[in-house]
Amino acid sequence: MSLSAKVTKAVDKAFAAAGDLVEQGTLSTKTVSGYDFATRSTVSTSSITTVDVILQSTKKSSGDGFTVTAIMKSGLNLSVYDTLTVSSGSYSIVDHSDNGFTIDAILAKEV
C-alpha cells in the first residue's frame, strides 16, 4: 500500500473517530444564465453536493464579522461552490486550501 493510500485511509479513520463533531453539510452554488422579462425574474440553476465537515473554530476579527475554520475530506473542487450550509447556519466560502487529503476552509457566517 502506498503512502498516499495510507494517509487517505487515516483521514477516513479520523473522520469516523470524530463522531458527533462531524456534521453533514450542503455545498451549493447558483449560476445565473439570464433574465425572464415575462416573469421579471432571473433564470438560474443550482448545484448542490453533500459533504462531511468538521467546524473547528470561530473567531471575530475587528469589523469583519465571524469567521469559521472547517475541515473536509479532499476530493471535490471547492472553488465552484459559494455556500456551505450546516445545522449551525449558512456560511460563505471565503478561502480554502487542499493538500490532497483534506480541505481547510475559511468560512464567513451569512447574516
Side-chain angles (χ1 to χ4, degrees):
M1 180 182 279
S2 71
L3 182 58
S4 177
K6 287 180 182 181
V7 173
T8 301
K9 194 171 186 176
V11 169
D12 291 337
K13 283 183 180 180
F15 268 77
D20 62 347
L21 294 177
V22 178
E23 296 185 56
Q24 186 79 22
T26 304
L27 291 167
S28 60
T29 188
K30 184 183 257 187
T31 304
V32 176
S33 59
Y35 185 79
D36 185 347
F37 289 97
T39 62
R40 296 182 181 177
S41 62
T42 56
V43 177
S44 61
T45 57
S46 294
S47 177
I48 297 172
T49 302
T50 58
V51 64
D52 289 334
V53 61
I54 299 173
L55 298 178
Q56 288 184 298
S57 62
T58 303
K59 66 180 179 179
K60 178 169 177 36
S61 15
S62 60
D64 290 338
F66 290 95
T67 58
V68 177
T69 306
I71 297 177
M72 295 168 251
K73 292 181 189 178
S74 193
L76 51 108
N77 185 1
L78 204 60
S79 64
V80 299
Y81 296 100
D82 302 324
T83 306
L84 172 68
T85 305
V86 292
S87 61
S88 59
S90 189
Y91 302 90
S92 295
I93 300 169
V94 176
D95 194 15
H96 71 281
S97 62
D98 187 343
N99 62 19
F101 304 105
T102 60
I103 299 171
D104 297 323
I106 302 206
L107 312 170
K109 181 87 171 172
E110 290 185 347
V111 185

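For the numbers below, each heavy atom of this structure counts, side chains included, while hydrogens, waters and symmetry mates do not. On a predicted model such as this, the values are computed, not experimentally measured, just so you know.
With sequence neighbours excluded, no residue forms a side chain to side chain donor-acceptor pair (under 3.5 Å) with T42. For the side chain to side chain contact (heavy atoms under 4.5 Å, CB included) test, residues two or more places apart in sequence or in another chain that qualify with S2 are S4, A5. Every residue meeting the side chain to side chain contact (heavy atoms under 4.5 Å, CB included) condition with K30, not counting sequence neighbours, appears here in chain and number order: S44, S46. Partners of F101 under the ring-ring contact (aromatic ring centres under 6.0 Å, His included) rule, at least two apart in sequence or in another chain, do not exist in this structure. Remark: S33 engages V43 in a side chain to side chain contact (heavy atoms under 4.5 Å, CB included) (not counting sequence neighbours). Shown here are the side chain to side chain contact (heavy atoms under 4.5 Å, CB included) partners of A18, two or more places apart in sequence or in another chain: L21, V22, I54. Looking at residues two or more places apart in sequence or on another chain, you find no side chain to side chain donor-acceptor pair (under 3.5 Å) involving D52.
The NZ atom of K109 sits 11.0 Å away from the OG atom of S92 when rounded to the nearest 0.5 Å.
The other residues sharing a hydrophobic cluster with V94 are I106, where clustering joins ILVMFWY side chains under 4.5 Å apart. With side-chain heavy atoms closer than 4.5 Å counting as contact, directly or through intermediates, the hydrophobic cluster containing L76 also holds L27, V51, V53, L55, V68, M72, L78, V80, Y81, L84, V86, Y91, I93, I103, L107.
Identified under the salt bridge (Lys or Arg N to Asp or Glu O under 4.0 Å) test for residues 71-86, with sequence neighbours left out: D12-K73. Listed by first and then second residue, the salt bridge (Lys or Arg N to Asp or Glu O under 4.0 Å) pairs that reach into residues 16-27 come to none, sequence neighbours excluded. Counting only residues at least two apart or on different chains, the ring-ring contact (aromatic ring centres under 6.0 Å, His included) pairs with a member in residues 2-59 are Y35-F37.
When every heavy atom of T85 is checked against every heavy atom of T83, the shortest pair comes out as OG1-CG2, 3.9 Å. Across all their heavy atoms, N77 and S79 have their closest contact at OD1-OG, 2.5 Å.
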